[in-house]
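Read through the structure below, which is laid out as structure tokens, and then see the notes.
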Amino acid sequence: MTRIINTLAEISDMYDAVFCDLWGCVHNGVSPFDEAVDALRAFKARGGAVLLLTNAPRPRDSVATQLDRMGVPRDCWDVIATSGDSARAAMLTGAVGTKVWHIGEQHDTPFFAPMNLIEDAVEITRVPLDEAEGIVCTGPFDPHADPAEMRPQFLLAKTRRLKLLCANPDIVVDRGDSREWCAGALAQLYTEMGGESLYFGKPHPPIYDLARRRLVQMGKGTSDDRILAIGDGIVTDIPGGIGENIDTLFITGGLAREETGTETQPDPAKLARFLTDAQLEPTYSIGMLR
């Protein structure tokens, strides 16, 4: 049974590093959560490494710039690993061909930038669907539109046996008080229609491999039993950590705040029912990161 804790400090001595989700844990898409910032600062102060592990479909430098604009201070984290970087590495080695149809918004353009990590990268050209060898999905064209509106294009893509590279496995996020669709919703639809979707963010292994390499690069490599994965995604963060044999801290006041009856802390009975339905057991749970 998951253990409900009051603060990260209660368990921080057991870990050398945290893999911390961003949206719903450190910020709400508009502004940072002050208590979460303080908790991460305190973890760093005792010598821990804070790696921000996000399903953002962009390079880590782009995410860092976004955090700066939002007001998340740089002294509460050490390094970033993104779904975008993991998926970019696959794209630049030809996972879905060289001519790709891009599904996403204009601000996702940095996804197609060169990547120093990849030698002999293929040259990627964005083309219309009827000319494409594969699909790169960084998110919906309109995050508020029903993903089902993509069925006609996906039917054509499936008929042509195009693979879809999903740069962000998240289904939804909450931007302030507004819920938005993510690339994962489109990849899920494409798979349900019989297409093939390739995933590189949480809960899939490639992003965790990238995260571990980032820790080693900064001289903070450690064993998996000394890493804590923090997140509010019951289909991404928690199963991802469990699948990697990493302890998990479930933030119940994020995407599942209503289902878990979370105000300051989750309602124990509602949390138990929610986790039973999800068939998952995070190591710890807490209302919000603090």
Side-chain angles (χ1 to χ4, degrees), residues 17-29 32 36 40 49-70 72 74 76-93 95-96 102-118 121 124 136-140 143 164-173 175 180 182-187 197-218 220 227 229-233 235-237 240-241 244 246 254:
V18 295
F19 289 172
C20 187
D21 183 39
L22 278 172
W23 217 311
C25 298
V26 179
H27 66 72
N28 64 357
L40 295 179
V50 174
L51 181 144
L52 302 179
L53 190 66
T54 172
N55 273 351
R58 298 184 301 283
R60 59 175 176 165
D61 289 345
S62 175
V63 171
T65 299
Q66 180 189 39
L67 294 177
D68 290 342
R69 287 198 302 265
M70 200 179 297
V72 177
R74 292 212 174 200
C76 76
W77 58 271
D78 293 296
V79 68
I80 300 172
T82 76
S83 172
D85 279 341
S86 184
R88 285 170 68 216
M91 177 187 71
L92 292 170
T93 54
V96 291
H102 176 217
I103 305 173
E105 298 182 79
Q106 184 60 36
H107 64 237
D108 293 332
T109 301
F111 184 87
F112 295 91
M115 193 174 185
N116 294 334
L117 190 65
I118 303 301
I124 300 296
V136 170
C137 181
T138 54
L164 184 150
L165 184 150
C166 177
N168 175 4
D170 287 352
I171 304 298
V172 295
V173 294
R175 187 185 299 275
E180 299 181 353
C182 299
L186 298 181
S197 299
L198 309 178
Y199 295 94
F200 297 88
K202 298 174 289 185
H204 305 281
I207 193 170
Y208 294 94
D209 294 340
L210 175 62
R212 292 184 183 94
R213 289 200 299 271
R214 296 286 193 221
L215 285 182
V216 171
Q217 286 174 344
M218 61 180 290
K220 293 280 189 174
I227 299 173
I230 304 172
D232 70 326
V235 298
T236 51
D237 303 298
E244 296 293 316
I246 294 171

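Taken to the nearest 0.5 Å, the CG atom of L165 stands 11.0 Å off from the CD1 atom of I103. For the atom pair CG (L210) and OG (S86), the distance works out to 6.0 Å, reported to the nearest 0.5 Å. Rounded to the nearest 0.5 Å, atoms CG (D21) and OG1 (T236) are 6.5 Å apart. Taking CD1 of I171 as the reference point, atom CG of L186 lies at 9.0 Å (rounded to 0.5 Å). Separation of atoms CG (D232) and SG (C25) is listed at 4.5 Å; rounding is to 0.5 Å. The CZ atom of R214 sits 7.5 Å away from atom OG1 of T82, with the distance rounded to the nearest 0.5 Å.
Residues D78 and K220 are not in side-chain contact: their nearest non-hydrogen atoms beyond the backbone lie 4.5 Å or more apart. A 4.5 Å side-chain heavy-atom check between H204 and I207 finds every atom pair outside the cut-off. Proximity of E105 to P143: side-chain heavy atoms (C-beta onward) are separated by under 4.5 Å at one or more points. In this structure, L52 and L67 have side chains that are in contact, with non-hydrogen atoms separated by less than 4.5 Å. Side-chain contact between W23 and N55 is absent, with no heavy atoms from C-beta onward closer than 4.5 Å. Side chains of V79 and R60 form a contact here, defined as non-hydrogen atoms less than 4.5 Å apart. A heavy-atom distance below 4.5 Å is not found between the side chains of T65 and R58. For the pair V26 and C20, the minimum side-chain heavy-atom distance is below 4.5 Å.
The two residues G241 and A229 come nearest to each other via the heavy atoms CA-CB, 4.3 Å. Closest approach of R74 to A64, counting heavy atoms only: NH2-CB, 3.5 Å. Contact detail for S83 and P169: the closest heavy-atom pair is OG-CD, 3.7 Å. Scanning all heavy atoms of the two residues, the minimum distance from G104 to T138 falls at CA-OG1, 3.5 Å. Smallest separation of non-hydrogen atoms from P110 and R88: O-NE, 4.1 Å.
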Exercise for the section: Show your reasoning for whether side-chain contact (heavy atoms from CB on, under 4.5 Å) applies to E244 and R212. Expected result: CA-CA 11 Å; E244 296 293 316; R212 292 184 183 94; 2.8 Å; yes
Practice task
Under the ring pair (Phe, Tyr, Trp, His ring centres under 6.0 Å) rule, what do H102 and F111 come out as? Steps first, then yes or no, please.
Solution key: CA-CA 10 Å; H102 176 217; F111 184 87; 7.4 Å; no
Practice task
Decide side-chain contact (heavy atoms from CB on, under 4.5 Å) for V63 and L22; before the verdict, give the C-alpha distance in whole Å, the side-chain angles of both, and the deciding distance to 0.1 Å.
Solution key: CA-CA 10 Å; V63 171; L22 278 172; 3.9 Å; yes
Exercise for the section: Go through the steps to decide whether L40 and W77 satisfy the test side-chain contact (heavy atoms from CB on, under 4.5 Å), and finish with yes or no. Expected result: CA-CA 7 Å; L40 295 179; W77 58 271; 5.7 Å; no
Practice task
Give the intermediate values and the outcome of side-chain contact (heavy atoms from CB on, under 4.5 Å) for residues D85 and F200.
Solution key: CA-CA 9 Å; D85 279 341; F200 297 88; over 6 Å; no
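Under a 3.5 Å cut-off, the side chain of K202 and the backbone N or O of G231 do not form any donor-acceptor pair.
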